[in-house]
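Below you'll find the structure, written out as structure tokens, and then a few comments.
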Amino acid sequence: MEASSDTIPRKLLDWYDAHARDLPWRARPGTEAPDPYRVWLSEVMLQQTTVAAVRGYYAEFTRRWPTVEELAAAADEEVMAAWAGLGYYARARNLLACAREVAARGGEFPGTEEGLRALPGLGAYTAAAVAAIAFGRRAVVVDANVERVVARLFALDEPLPGGRAAIREKADAITPATRGGDFAQAMMDLGATVCTSRSPRCLLCPLAARCAARALGEPGRFPVKAPKKARPARRGRAFWIECDERVWLVRRPGRGMLGGMRALPDDGWHSRADGSGEGPLDGPWGHAGKVAHVFTHFALELQLAVYLGDRCDSLGAEEGEWWPLDRLEEAGLPTLFAKAARLALADTGELA
DNA sequence: CACACGTGGAC
DNA sequence: TGTCCAAGTGT
């Protein structure tokens, strides 16, 4: 007898009850209601970011800002610095904007997918995930894990991104009316631990008997993806200006690359791309070396120019701040500039 | 739809 | 070493 299609969510939920990952942002089953603030915070942090990378940031954010009202009241620079190193800094800017909107409406998140979708930083995925996980709504939650699981389950071979519509349709079809949050998290856990991108562990999979890709003998072929574009190389210079145990830091514009983050002054490599721009001083510059850093859509080779001087005050014209070297960790430099700072400190340290 | 937008880990 | 990838969103 052919099993009915509703055995997919049931098998998956049974598996989840036995194998759910124990993650700090998950409510203990049956013991407490999920906190929408923590669900939302974790979901935003987890956008395009691994669980391992998020753990420490989640712990620190919830320690410093236990409620959405407290986060909403935080200074921009404190939140941006706390996000430093996690990447995709527009998330942090939207996080604050969202927290302030929610605080303005009394500290309660909207309880529907549509209401959540209207908040800054909540796209189709996050709105559905928070609606399902925090509010128990039925929502079709589709992230990269779900895409992979569903593409394999039904052997959908239309290349992404075009094939997303068909994947969503199937995901909708297998989403149960109840336990929507558990189902979404079960799909993601399955994708993260069993139905992995490389070397899927089909022998451990609760859905293996119903998996079309497995039946074809090649689960790894799905989902099919469009070829990636080449990543161009860019060069630039950054400037380490040190005076009286302090270094000159600027704040980057609120939009675009590393927007809103503290940074070393640079030559405008982001727009010029050829490293020919000038620094904030005439010099003379010493050269501490190069920093290699790979972004999503280009690779950067950053030359680090160093000035150790007594002309500290001459920088007054440019907007920035003298930052004490012994508190550099607290500046919240994004990784590119944190690497440059390490290089500068090693270099100037040798000279001292 | 295509592109901008970070980072670190796995293989 | 290079490539791919991760709980995507905004423009």
Side-chain angles (χ1 to χ4, degrees), chain A residues 21 23-26 38-58 80 83-95 97-98 116-134 139 141-149 159-165 171 181 183-193 195-199 220 223 225-234 252-261 263 270-271 273 291-300 332-339:
Chain A
R21 287 180 292 175
L23 300 174
W25 43 85
R26 284 186 177 167
R38 291 180 180 233
V39 172
W40 161 74
L41 178 64
S42 67
E43 289 299 338
V44 173
M45 287 184 165
L46 286 161
Q47 289 167 3
Q48 294 287 285
T49 308
T50 57
V51 166
V54 165
R55 283 182 187 276
Y57 287 87
Y58 176 82
M80 297 309 290
W83 197 276
L86 197 54
Y88 282 147
Y89 298 101
R91 291 184 296 171
R93 304 194 296 270
N94 287 329
L95 188 83
C98 181
L116 290 160
R117 181 70 180 79
L119 293 169
L122 282 88
Y125 162 75
T126 306
V130 175
I133 298 168
V141 180
V142 183
D143 75 327
N145 287 303
V146 177
E147 280 178 358
R148 188 169 56 253
V149 171
L160 302 185
R164 293 218 160 93
F183 179 77
Q185 293 177 94
M187 289 286 277
M188 293 190 277
D189 275 19
L190 188 73
T193 64
C195 194
T196 50
S197 182
R198 283 175 288 219
S199 311
K225 296 186 179 180
K228 305 234 188 274
K229 292 179 51 179
R231 182 151 43 205
R234 295 190 192 175
R252 297 177 65 82
R255 305 190 144 196
M257 178 74 74
L258 310 177
M261 301 299 287
H270 181 239
S271 49
V291 172
H293 194 71
V294 179
F295 294 104
T296 305
H297 54 296
F298 64 91
L300 179 66
L333 293 176
T335 300
L336 167 67
F337 294 113
K339 284 183 186 174

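Below, chains carry the letters A, B, ... as their sequence lines are ordered, and counting in each starts from 1.
Following rounding to the nearest Å, A/Arg255 (CZ) and B/dC3 (C1') show an atom-to-atom distance of 16 Å. When rounded to the nearest whole Å, the span between CG of A/Leu86 and P of B/dG8 equals 10 Å. Taking atom CE of residue A/Met257 and atom C1' of nucleotide B/dG6, one finds them 8 Å apart after rounding to whole Å. Note: CE (A/Met45) to P (C/dG8) measures 15 Å, nearest angstrom. Here the C1' atom of nucleotide B/dC5 and the CZ atom of A/Arg231 are 12 Å apart, to the nearest Å. In this structure, the CG atom of A/Asn94 is 12 Å from the C1' atom of B/dC5, given to the nearest Å. Spacing between atom CZ of A/Arg91 and atom P of C/dA7 amounts to 13 Å, rounded to whole angstrom units. We find that CG of A/Leu46 is positioned 8 Å from P of C/dG8, with the value rounded to whole Å.
The 5' end of DNA chain C is approached more closely, in terms of each residue's nearest nucleotide, by A/Ala192 than by the other of A/Gly121 and A/Ala192. Ranked by how close their nearest DNA chain B nucleotide is to the 5' end, A/Leu336 and A/Lys229 are led by A/Lys229. Mapping A/Arg198 and A/Ala84 onto DNA chain B by nearest heavy atom places A/Ala84 at the nucleotide closer to the 5' end.
At a threshold of 4.0 angstrom between heavy atoms, the contacts of A/Arg164 with the nucleic acid are absent. Using a 4.0 Å heavy-atom distance criterion, A/Ser197 is classed as a sugar-phosphate-only contact. Within the 4.0 angstrom heavy-atom criterion, only backbone atoms of the sugar-phosphate kind lie near A/Gly85; the bases stay farther away. Residue A/Trp83 is out of contact with every strand shown, counting any heavy-atom pair closer than 4.0 Å. Residue contacts shown for A/Ser42 are absent, as no nucleic acid heavy atom lies under 4.0 Å away. Contact annotation for A/Ala184: no contact, since no heavy-atom pair falls under 4.0 Å across all strands. Nucleic acid contact for A/Leu95: none, since no nucleic acid atom lies under 4.0 Å from a heavy atom of the residue. The residue A/Arg21 sits close to a base: some heavy atom pair falls under 4.0 Å. Using a 4.0 Å heavy-atom criterion, one finds that A/Ala129 contacts no nucleic acid atom at all.
Taking the centre of each ring, A/His297 and A/Phe295 stay at or above the 6.0 Å mark.
Considering only side-chain atoms of A/Pro161, the nucleotide from B/dG6, B/dA2, B/dG9 that sits closest is B/dA2. Taking the side chain of A/Lys225 as heavy atoms from C-beta on, and the options B/dC3, C/dG8, C/dA6, the nearest nucleotide is C/dA6. With distances taken from any side-chain atom of A/Tyr89 to the nucleotides B/dG6, C/dG10, C/dA7, the minimum falls on B/dG6. With C/dC4, B/dC5, B/dT7 as the candidates, the nucleotide lying closest to the side chain of A/Tyr88 is B/dC5.
Here the NE2-CG distance, from A/His293 to A/Leu336, works out to 5.5 Å after rounding to the nearest 0.5 Å. With values rounded to the nearest 0.5 angstrom, A/Trp25 atom CH2 is found 10.5 Å from A/Gln185 atom CD. Annotation: the span from A/Tyr57 atom OH to A/Met45 atom CE amounts to 9.0 Å, rounded to 0.5 Å.
When only modelled atom types and interatomic distance are considered, A/Asn145 and A/Arg148 share a side-chain donor-acceptor pair under 3.5 Å. A/Gln47 and A/Arg91 share no side-chain donor-acceptor pair at under 3.5 Å.
Under 3.5 Å, the side chain of A/Thr49 and the base of B/dG8 form no donor-acceptor pair of N or O atoms.
Take A/Gln48 and apply the side-chain hydrogen bond (donor to acceptor under 3.5 Å, both in side chains) test, not counting sequence neighbours, and it matches no residue.
At the phosphate of C/dA7, neither OP1 nor OP2 sits under 4.0 Å from any side-chain N or O atom of A/Thr50. For A/Thr335, no side-chain nitrogen or oxygen approaches OP1 or OP2 of B/dG6 to under 4.0 Å.
Comparing B/dC3 with C/dA7, their P atoms are spaced 23 Å from each other, to the whole Å. The separation of C/dG8 from B/dC1, taken at their C1' atoms, amounts to 16 Å, rounded to a whole angstrom.
Contact check of residues 291-298 of chain A against DNA chain B (heavy atom, cut-off under 4.0 Å) returns A/His293, A/Val294, A/Phe295, A/Thr296, A/His297.
Paired with A/Leu46 under the rule side chain to side chain contact (heavy atoms under 4.5 Å, CB included), one option of A/Leu23, A/Val51, A/Thr126 passes, and it is A/Val51.
Side-chain atoms of A/Arg93 come within 3.5 Å of backbone atoms of A/Gly259 as a donor-acceptor pair (strictly under, hydrogens ignored).
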